[in-house]
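Structure first, then comments.
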Amino acid sequence: MAYTTLANLKSIILFRGDEPTDGTSDYDAETDNILIEVWRDLTVRHPWLALIKDPPGVFLTVAPITTTTITIATAGTAVTATLSAAPAVSIAGYRIQPSGKPYFLRVTAHTAAALTCTIDAAPETITTALACDIVQDEYDLATDLGMFVDGLWTPDSPEPIPLHSEERIKQDYGSGVNKAWPPAAFARLGARRIRLSHAPTVARRVEYPYSRKPVDPPAGTLAIDAYLRPVYALGCLAQLYHDKFDRRFKATFDRYELGLKRAFEYETRQRIAVLGRASGATRPSPYGE
């Protein structure tokens with residue numbers, strides 16, 4: 001039987017688990033749950049080639065607004081700030097760095113072409129118009145973003161901009177507003193939001209190769225390569241054995257883990273070519289020559 005659809009795999013798993021495949025098994029509904037559980041485990045183990053998004057993700061950075069002044073009549077949280085010129089687009093989510101101040105202000109609400117905006121917290125009033133930089137250093141990426149393949153790519157840098165933890169970004173570059181392009185690194189703030197270590201000084205196109213976060217296995221053809229489907233079936237069978245208290249669980253689970261390891265090694269060879277020739281690396285001769 002072909003390992004092509006979810007229905008195929010379910011029949012294989014039930015058959016190998018000594019269960020009827022005609023829908024009468026006591027474990028029929030539980031197998032449906034197992035198929036989802038193991039799918040979610042397998043697809044997050046590695047950015048599998050079949051799940052790499054094509055084309056890659058892309059976003060545009062925003063140049064800072066540096067020709068505006070700010071006034072704040074009242075200190076406190078969720079207060080109103082007034083700008084000297086209305087931004088043409090909404091600056092909700094941007095950060096404002098008042099000139100000479102050791103803090104930044106985050107814009108929580110703003111309507112395009114409006115002079116006023118709501119900021120998260122103002123430690124003091126600014127009654128005399130003060131120059132400021134309004135920057136966007138946080139960006140929302142694709143809704144199906146799973147894992148980054150390497151980093152962010154921009155024509156201004158020959159190397160990818162690396163992914164660091166948010167804690168490291170703050171330790172290395174501070175939590176305030178720093179401006180530079182390209183940034184030294186970026187951090188992931190949530191499922192799809194990132195922060196650049198430095199606020200962009202120019203508008204640029206940025207690509208980010210990524211592994212998409214697949215939905216639960218569909219009824220049609222599975223969104224993984226053929227060599228991963230038997231591994232997926234083994235993981236499901238191991239879970240079925242576990243639920244049945246079958247002594248074959250341990251051996252089957254070990255085969256599942258070994259299958260994942262071999263698939264990872266195979267994909268690594270696909271990425272760098274056989275014997276590392278594409279990367280310029282050479283494999284030592286067995287005779288030391």
Side-chain angles (χ1 to χ4, degrees), residues 40-41 43-48 51-53 56-66 75-79 81 91-110 117-124 132-154 156-214 264 268:
R40 294 177 180 177
D41 173 63
T43 53
V44 301
R45 293 289 192 105
H46 176 69
W48 304 108
L51 299 180
I52 300 299
K53 190 74 170 187
V58 63
F59 68 95
L60 296 174
T61 62
V62 177
I65 301 172
T66 59
T77 59
V79 297
I91 58 170
Y94 287 45
R95 297 201 289 173
I96 301 177
Q97 179 70 67
S99 179
K101 299 297 183 180
Y103 55 81
F104 66 86
L105 311 167
R106 186 182 299 277
V107 180
T108 57
H110 177 253
C117 63
T118 304
I119 57 176
D120 56 353
E124 61 181 343
C132 65
D133 287 344
I134 305 174
V135 302
Q136 184 180 11
D137 55 4
E138 296 180 4
Y139 294 85
D140 288 325
L141 306 186
T143 56
D144 61 348
L145 175 63
M147 290 179 279
F148 290 97
V149 173
D150 35 41
L152 308 180
W153 292 89
T154 170
D156 302 289
S157 175
E159 300 292 333
I161 299 166
L163 173 64
H164 291 169
S165 69
E166 184 184 7
E167 179 183 14
R168 180 175 171 184
I169 293 287
K170 291 178 178 178
Q171 288 175 339
D172 291 349
Y173 310 106
S175 59
V177 173
N178 301 300
K179 293 191 299 180
W181 189 259
F186 75 104
R188 194 165 186 171
L189 303 180
R192 56 181 296 229
R193 192 166 182 81
I194 64 167
R195 175 185 296 156
L196 304 177
S197 61
H198 298 77
T201 56
V202 289
R204 285 289 187 269
R205 180 182 186 276
V206 182
E207 277 195 357
Y208 57 99
Y210 71 94
S211 170
R212 70 183 188 274
K213 188 185 300 179
F264 170 79
T268 300

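Being a predicted model, the structure only gives us computed values, none of them experimental.
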Indicate yes or no: at least one non-hydrogen side-chain atom of [X] is less than 4.5 angstrom from one of [Y].
| X | Y | result |
| --- | --- | --- |
| Leu51 | Thr43 | yes |
| Asp137 | Phe104 | no |
| Ile194 | Leu152 | yes |

With His198 as reference, evaluate Trp181, Phe186, Tyr173 under the ring pair (Phe, Tyr, Trp, His ring centres under 6.0 Å) test and give the passing residue.
Tyr173
Which residue is it: Arg212, Lys53, Lys213? I am looking for the one with a side chain to side chain donor-acceptor pair (under 3.5 Å) to Asp144.
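Single side chain to side chain donor-acceptor pair (under 3.5 Å) partner of Asp144 among Arg212, Lys53, Lys213: Lys53.
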For [Y], does its backbone N or O pair with a side-chain atom of [X] as donor and acceptor, under 3.5 Å?
| X | Y | result |
| --- | --- | --- |
| Arg188 | Ala191 | yes |
| Thr154 | Ser157 | no |
| Thr108 | Thr118 | yes |
| Arg192 | Leu141 | yes |

For a quick test of reading the model, state the closest non-hydrogen atom pair linking [X] to [Y] and the distance between them.
| X | Y | value |
| --- | --- | --- |
| Gly57 | Tyr210 | N-CE2, 3.7 Å |
| Gln97 | Tyr103 | NE2-O, 2.7 Å |
| Tyr208 | Ala142 | OH-N, 2.9 Å |
| Ala187 | Ile169 | CB-CG1, 3.6 Å |
| Tyr139 | Leu60 | CE2-O, 3.5 Å |
| Thr61 | Arg204 | OG1-N, 2.7 Å |

As an exercise, state the distance from [atom1] of [X] to [atom2] of [Y], rounded to the nearest 0.5 Å.
| X | Y | atom1 | atom2 | answer |
| --- | --- | --- | --- | --- |
| Lys170 | His164 | NZ | NE2 | 16.0 Å |
| Ile91 | Gln136 | CD1 | CD | 10.5 Å |
| Asp172 | Asn178 | CG | CG | 11.0 Å |
| Leu145 | Arg193 | CG | CZ | 13.5 Å |
| Ile134 | Ile96 | CD1 | CD1 | 4.5 Å |
| Asp120 | Thr77 | CG | OG1 | 9.0 Å |

